[in-house]
Amino acid sequence: MMKILETNIENIKAAAEIIRAGGLVAFPTETVYGLGADGLNPIAVAKIFEAKNRPSFNPLILHVCDVKSLDRITVIENEKFNKIIEKFWPGPLTLVLPKKQIVPDIVTAGQDTVAVRMPDHPVALELIKLVGNPIAAPSANAFGFLSPTEAVHVVKQLDGRIEAVLDGGKCKIGVESTILQAEGDKIKLLRPGGIELEAIEKLIGKVEVSYEDKAKPNSPGQLPFHYSPKIPLRFLDEVNLKEIAGKRIGGLFFKNAESKLKFDKVRILSDSGNKVEAAANLFKMLHDLENEKLDLIIAEKIEESGLGLAIMDRLRRASKRF
Ligand code: TXA
Ligand code: MG
């Protein structure tokens, strides 16, 4: 059984000791719970891949507690990235940068770049500081399944596989970080996430959207199915009535549960139609529906602006498992 630790300073110290000794601890961030290991210890990092059943070609993010820690692991050559760090760190924004030698190959899946971010969560920042090295952390879920936004979600998927989880309550952003990479002068969006694309473009100008899609579904780390519940998920406007006859159906709506279909369970992401609130509720509500012994989840589409871009990205991938 994994330990569920309240987030007091003694427990954060105990968690840091586990990580320093090469073990794994799940911890809260503002986006989703991370599964942390000492990011400069390749054997510890290997345990992450084992605990999650994650393919080793999928690289990890290194989490730092301050900007000066970046010097050990990377260099920032791009002036736009300095602006981004100043404005959005700590926060749900990850940068893919050139890696220094000290970063183990297992972290970067053999690539010469490393993904880094500074999370906006006091427990995460204290933990990283006490560990003394950057913490490598993917989302603390079994590979391909729903991301955890509460400690119970971590227990549900990883019990028996890791030492402990620091229980920091509900994650306030609820979707993973936005990931950016520079290519010459161009900035590319690798994953939509907790910082809105519009806010980034306001600061640094046009960003090239280069995640997914139909044409190229297998670009690194962007597997076509991901973030999925253990039951099929379909979009409301694409439902095949034959497919749903006689089934127990859950509905995931944005604002209003308006539909001619009959649902056995319904969740509404934001009664007021607020996309920030919808993102914060997304994985929790999908976990709730997954726990309800349903045959199918039907989700309403959300307009793809602001956090709607990240929400639709997660839902699309969830719909591709079955
Ligand atoms: O909000 C988040 O980013 C959370 C919390 C825990 O910080 N972490 C997270 O990690 O979502 P993970 O491993 O679930 O997703 C990291 C993504 C993957 O899609 C991976 O392929 C991509 O980042 N990535 C990591 N390193 C990369 C690199 N060097 N180049 C391109 N993509 C990279
Ligand atoms: Mg993940």
Side-chain angles (χ1 to χ4, degrees), residues 24-37 39 45 48-49 51-65 73-74 88-100 103-121 123-125 127-128 134-149 153-154 157-158 165-166 168 171-183 188-195 210-212 218-228 279-280 282-283 307 310 313-314 317-318:
L24 303 182
V25 178
F27 62 98
T29 82
E30 80 283 29
T31 58
V32 301
Y33 277 73
L35 178 55
V45 172
I48 291 179
F49 289 89
K52 283 190 56 125
N53 276 323
R54 178 177 170 120
S56 58
F57 57 78
N58 197 2
L60 302 174
I61 298 172
L62 287 184
H63 296 71
V64 295
C65 61
I73 55 177
T74 187
F88 297 116
W89 278 12
L93 195 283
T94 295
L95 298 175
V96 174
L97 298 165
K99 118 185 182 29
K100 285 191 178 167
V103 179
D105 285 333
I106 189 166
V107 170
T108 64
Q111 303 186 73
D112 51 15
T113 53
V114 61
V116 286
R117 92 170 182 103
M118 189 196 305
D120 185 17
H121 195 293
V123 175
L125 292 172
L127 183 68
I128 299 162
I135 294 183
S139 49
N141 53 288
F143 177 70
F145 291 101
L146 293 175
S147 299
T149 53
H153 301 156
V154 179
Q157 295 191 30
L158 296 181
V165 56
L166 282 165
C171 300
K172 71 170 192 261
I173 303 286
V175 291
E176 294 83 350
S177 57
T178 303
I179 306 182
L180 300 176
Q181 181 168 25
E183 199 181 76
K188 298 190 301 181
L189 175 71
L190 300 189
R191 176 175 74 182
I195 297 281
S210 79
Y211 66 98
E212 46 167 9
N218 264 322
S219 49
Q222 295 296 341
L223 300 162
F225 53 85
H226 215 102
Y227 312 107
S228 26
L282 177 68
F283 283 117
L307 285 184
D313 172 69
R314 306 308 186 265
R317 286 178 214 279

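This chain uses plain numbering: 1 for the first residue, then up along the sequence. Order of appearance sets the numbers: ligands from 1, and atoms from 1 within every ligand. Quick caveat, the model's predicted, so the values are computed rather than measured.
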- Item | Interfacing atoms of ligand 1 (cut-off 4.0 Å, heavy-atom, Thr31) | 1 (O), 2 (C), 4 (C), 5 (C)

- Task: State the CD1-NZ distance between Ile73 and Lys100, to the nearest 0.5 angstrom.
- Result: 9.0 Å

- Quick one: does ligand 1 sit under 4.0 Å from the side chain of His63, the backbone, both or neither, non-hydrogen atoms only? side chain

- Task: Can you sort out which atoms of ligand 1 are near Ser177, meaning under 4.0 Å from one of its heavy atoms?
- Result: 1 (O), 2 (C), 3 (O)

- Give the numbers and elements of all ligand 1 atoms closer than 4.0 Å to a heavy atom of Glu176. 1 (O), 2 (C), 11 (O)

- Rounding to 0.5 Å, atoms CD1 (Ile173) and OG1 (Thr149) come to a distance of 12.0 Å

- Message: Would you say Glu176 and Ser147 are linked by a side-chain donor-acceptor pair, where the criterion is simply a distance under 3.5 Å?
- Response: yes

- Task: Specify whether His63 and Phe27 have parallel, tilted or perpendicular ring planes, treating 30° as the upper limit for parallel and 60° as the lower limit for perpendicular.
- Result: perpendicular

- Query: Within Ser139, is some N, O or S atom less than 2.8 Å away from the Mg ion (ligand 2)?
  - Reply: yes

- Query: Which of the atoms in ligand 1, numbered in the order shown and given with their element, are less than 4.0 Å from a heavy-atom of Arg117?
  - Reply: 1 (O), 2 (C), 3 (O), 5 (C), 7 (O)

- How does Thr108 reach ligand 1, by side chain, by backbone, by both or by neither, if only non-hydrogen atoms under 4.0 Å count? neither

- Query: Which is closest to atom 22 (C) of ligand 1 by heavy-atom distance: Ile179, Ile61, Thr113?
  - Reply: Ile179

- Does even one non-hydrogen atom of Arg54 get within less than 4.0 Å of ligand 1? yes

- Are Glu30 and Arg117 close enough for a salt bridge, meaning some N to O gap below 4.0 Å? yes

- Using a 4.0 Å heavy-atom cut-off, say whether Arg191 meets ligand 1 through its side chain, its backbone, both or neither. side chain

- Kindly confirm or rule out a cation-pi arrangement of Arg317 over Tyr227, judged by NZ or CZ under 6.0 Å from the six-membered ring centre and within 45° of its axis? no

- Task: Not counting sequence neighbours, which residues clear ring pair (Phe, Tyr, Trp, His ring centres under 6.0 Å) with His153? List them please.
- Result: His287

- Item | Proximal ligand 1 atoms for Ala115, defined as those under 4.0 Å from one of its heavy atoms | 25 (C), 26 (N), 27 (C)

- Note on the structure: ligand 1 atoms nearer than 4.0 angstrom to some heavy atom of Asn58 are 18 (C), 20 (C), 21 (O)

- Item | Met118 and Val64, any side-chain heavy atoms less than 4.5 Å apart | yes

